[in-house]
Amino acid sequence: MSYAKLAGLHPIYGLYTGFIPIFVYAIFGSSRQLAIGPVALVSLLVSNVLGGMDLSDELYTELAILLAFMVGIMECIMAFLRLGWLIRFISHSVISGFTTASAIVIALSQAKYFLGYDVVRSSKIVPLIKSIISGAHKFSWPPFVMGSCILAILLVMKHLGKSRKRFRFLRPAGPLTAVVLGTVFVKIFHPSSISLVGDIPQGLPSFSIPKKFEYAKSLIPTAMLITGVAILESVGIAKALAAKNRYELDSSQELFGLGLANILGSFFSAYPSTGSFSRSAVNNDSGAKTGLAGIVAGTIMGCSLLFLTPLFEYIPQCGLAAIVISAVMGLVDYHEAIFLWHVDKKDFVLWIITSTTTLFLGIEIGVLVGVGVSLAFVIHESANPHIAVLGRLPGTTVYRNIQQYPEAYTYNGIVIVRIDAPIYFANISFIKDRLREYEADIDKSARHGPEVERIHFLILEMSPITYIDSSAVQALKDLQQEYKSRDIEICIANPNQDVLLTLTKAGIVELIGKEWYFVRVHDAVQVCLQHVQSLNQTPKNPDSFAEDKPSFFQRLSKRREEDLSIAELESGDKITEPHLEPLLSRKS
């Protein structure tokens with residue numbers, strides 16, 4: 001009922017939303033512990049959108065029910081098309097910042113029941129605070145004292161339930177205790193200054209098809225936002241509970257169950273519902289193992305609608321507001337902000353941007369800005385991938401990032417580069433620029449091998465590259481021609497099967513030469529070192545290698561037959577590895 005008030009609806013619609021949808025989800029959903037129904041965040045979204053429209057009470061209710069139908073349709077479409085992966089682009093920092101700001105707005109929106117006067121309905125913090133301050137002369141002590149006492153009881157019961165195992169039953173019993181205490185107080189003392197829930201219709205909801213479809217077009221953005229929030233909340237909770245109870249969760253079935261629950265719920269006067277963290281936690285703590293728990297909860301709700309609604313008439317509004325405030329206080333996730341500050345400043349900035357825009361510009365804009373900035377960070381990381389210069393760890397044939405392993409050494413005349421991302425049109429220019437930087441910026445302090453004045457070989461370690469597109473292929477062709485003109489050879493080490501197939505189809509393999517593809521970085525290094533050694537012993541002009549490649553490979557084969565020590569290999573005086581094989585045979 002408290003969530004229905006938050007949505008701007010009569011409390012009975014909160015009971016309807018917790019009735020039919022829970023039966024449908026228990027049958028068609030995949031989570032065994034998830035409890036669905038009205039939740040604070042979705043209720044606030046409904047209130048924020050419909051409250052800004054000049055609507056009669058009847059039309060307001062019809063549009064809230066229509067929203068449930070539209071959200072259900074969208075969730076089912078996402079389930080059938082398996083589009084749940086789209087939600088992955090909303091980072092945890094965005095969700096945390098959004099829910100923190102929303103919790104503050106929700107708590108302030110409930111202040112009117114504590115203060116005893118009306119407060120403007122808004123999802124922005126500034127109008128709420130202005131309205132609270134401007135109406136301060138209407139302040140009433142009785143609802144403030146009663147609401148504060150009930151809130152204190154709820155917080156104490158929640159704390160005891162979390163901190164001590166033997167009292168954990170107190171946590172789920174808190175809201176019921178608050179309602180009972182408030183109702184008993186009102187029945188005994190009849191305080192005139194405390195507003196009550198009032199008359200609630202008795203009986204089960206009747207079947208009716210949602211109306212007012214002419215407003216559907218204007219509600220699409222809101223329905224999409226509610227769908228996104230509902231999926232994030234429900235699937236996130238369901239996955240956590242599934243992992244805790246060691247069973248697999250089918251995301252598509254989960255979306256279908258939620259969608260069908262909203263669609264059928266809208267036929268019985270329910271507004272949008274989704275998974276509730278608090279009620280799901282109660283289910284889990286109570287030992288729920290199947291969807292039967294939802295059916296039992298739905299049955300109890302049905303009995304309440306049939307027999308207990310006369311008792312709800314005397315529930316104080318400030319008591320329901322205290323329940324909402326107690327619930328959303330746990331959503332203020334300042335611990336996450338502190339954690340992000342210490343771990344990842346970028347995610348901290350994202351958290352601050354999302355929470356600030358949500359507070360001052362509204363929920364819809366807050367979500368859009370948060371998701372937009374999150375996607376901008378993803379695109380920036382993709383367009384500017386991590387690239388490492390590799391060096392050889394002493395006494396091994398292992399090559400690692402020289403920034404991470406300062407003891408790793410490189411070889412004169414050779415640059416070994418690892419690109420830690422797929423190569424595509426958005427990042428190929430960045431990669432080319434970095435390769436040119438590595439070619440020019442040569443640190444000779446930790447280099448081994450024969451002394452040469454410039455770079456002769458660029459070895460690309462391609463094992464982290466999972467994909468390469470046509471733009472990147474063309475850029476590699478241009479890079480090969482540019483390097484060839486300056487007598488620099490590109491070597492490819494350990495490309496995966498898909499990347500190698502793309503390079504073959506594009507003619508890059510033939511352009512570079514099959515003899516320059518290797519299984520290991522170390523194999524490529526040995527071949528390159530032998531060539532650098534031959535250049536050091538027999539100087540040539542820059543064009544001689546391209547013109548006399550066969551004679552070079554004859555000399556290379558002869559050198560591979562020599563048996564020299566590891567010390568000689570590392571010193572660069574003479575380099576060999578008798579059983580070295582390229583990745584691709586030149587005869588194939």
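FYI, the numbering just counts along the sequence from 1.
- Using the six-membered ring where Trp is involved, Phe256 and Phe80 have ring planes that are tilted, between 30° and 60° apart.
- In this structure, OH on Tyr16 lies 12.0 Å from CE on Met301, to the nearest 0.5 angstrom.
- Note on ring orientation: taking the six-membered ring where Trp is involved, the planes of Phe189 and Phe185 are tilted (angle from 30° to 60°).
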Going by atom type alone, with no hydrogens or angles, which donor-acceptor pairs under 3.5 Å involve a side-chain atom of residues 200-218 and a protein atom two or more places apart or on another chain?
unit_1, atom_1, unit_2, atom_2, d
Gln202, NE2, Leu306, O, 2.6
Ser218, OG, Tyr215, O, 2.8

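- The shortest non-hydrogen separation linking Ile150 to Gly182 is CD1-CA, 4.3 Å.
- The two residues Ile22 and Ala297 come nearest to each other via the heavy atoms CD1-CB, 3.8 Å.
- In this view, Tyr424 and Ser382 satisfy the side chain to side chain donor-acceptor pair (under 3.5 Å) rule, not counting sequence neighbours.
- Nearest heavy-atom pair across Ala238 and Glu254 is CB-OE2, 3.7 Å.
- Under the salt bridge (charged side-chain N to carboxylate O under 4.0 Å, His left out) criterion, Asp420 pairs with Arg418, sequence neighbours left out.
- Rounding to the nearest 0.5 Å gives a distance of 7.0 Å between OH of Tyr117 and OG of Ser131.
- No donor-acceptor pair closer than 3.5 Å links the side chain of Thr354 to the backbone N or O of Trp351.
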Please set out all donor-acceptor pairs under 3.5 angstrom arising from side-chain atoms of residues 315-328, sequence neighbours excluded.
unit_1, atom_1, unit_2, atom_2, d
Gln317, NE2, Leu196, O, 3.4
Ser326, OG, Lys158, NZ, 3.4

Would you check, one step at a time, whether the test side-chain contact (heavy atoms from CB on, under 4.5 Å) holds for Lys346 with Glu381?
-> CA-CA 12 Å; Lys346 181 188 69 177; Glu381 290 294 328; 3.8 Å; yes
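- Atom CE of residue Met78 and atom OG1 of residue Thr227 lie 7.5 Å apart, to the nearest 0.5 angstrom.
- Once rounded to the nearest 0.5 Å, the distance linking CG of Asp347 with CD1 of Ile352 reads 12.0 Å.
- Tyr247 places a side-chain N or O within 3.5 Å of a backbone atom of Arg32 that can act as its donor or acceptor partner.
- With Asp118 contributing its side chain and Gly135 its backbone, the two residues share no donor-acceptor pair below 3.5 Å.
- Leu311 is not listed as a side-chain neighbour of Thr183, based on a closest heavy-atom distance of 4.5 Å or more.
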Output, in order, the C-alpha distance, side-chain angles, deciding distance and verdict of side-chain contact (heavy atoms from CB on, under 4.5 Å) for Met224 and Ile220.
-> CA-CA 6 Å; Met224 292 176 66; Ile220 288 176; 3.9 Å; yes
Check the pair Leu219 / Leu50 against side-chain contact (heavy atoms from CB on, under 4.5 Å), numbers first and verdict last.
-> CA-CA 9 Å; Leu219 294 178; Leu50 300 184; 4.0 Å; yes
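- Phe377 CZ: more than 12 foreign heavy atoms inside a 6.0 Å radius.
- Not one N or O on the side chain of Asn384 forms a donor-acceptor pair closer than 3.5 Å with the backbone of Phe430.
- Nearest heavy-atom pair across Ser280 and Leu34 is OG-CD1, 3.3 Å.
- The minimum heavy-atom distance linking Thr177 with Met157 is given by the pair OG1-CE, 3.5 Å.
- How far OG1 of Thr290 is from CD of Gln33: 9.0 Å, rounded to the nearest 0.5 Å.
- The distance from atom CG of Leu305 to atom CZ of Phe19, rounded to the nearest 0.5 Å, is 6.5 Å.
- Shown here for Ile36 and Pro21, the closest heavy-atom pair between the two residues is CD1-O, 3.4 Å.
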Can you check side-chain contact (heavy atoms from CB on, under 4.5 Å) on Leu340 and Ser93, steps first, answer last?
-> CA-CA 8 Å; Leu340 292 174; Ser93 304; 3.8 Å; yes
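- Residues Ile295 and Thr299 form a side-chain contact, since some pair of their non-hydrogen atoms from C-beta on lies under 4.5 Å apart.
- With sequence neighbours excluded, no residue forms a salt bridge (charged side-chain N to carboxylate O under 4.0 Å, His left out) with Lys130.
- Using a distance-only test at 3.5 Å, with no hydrogens or angles considered, a donor-acceptor pair links the side chain of Thr100 to the main chain of Asp333.
- The local environment of NZ in Lys138 is sparse, with at most 12 non-hydrogen atoms from other residues, nucleotides or ligands closer than 6.0 Å.
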Please tabulate, one pair per line, all N/O donor-acceptor pairs under 3.5 Å involving side-chain atoms of residues 260-274, not counting sequence neighbours.
unit_1, atom_1, unit_2, atom_2, d
Asn262, OD1, Ser273, N, 2.9
Asn262, OD1, Ser273, OG, 3.3
Asn262, ND2, Glu75, OE1, 3.2
Asn262, ND2, Leu258, O, 3.2
Asn262, ND2, Ser273, O, 3.2
Ser266, OG, Ile263, O, 2.5
Tyr271, OH, Tyr3, O, 3.3
Tyr271, OH, Ser43, OG, 2.9
Thr274, OG1, Ala230, O, 2.9
Thr274, OG1, Ser234, OG, 2.4

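- Residues Thr466 and Asp498 are not in side-chain contact: their nearest non-hydrogen atoms beyond the backbone lie 4.5 Å or more apart.
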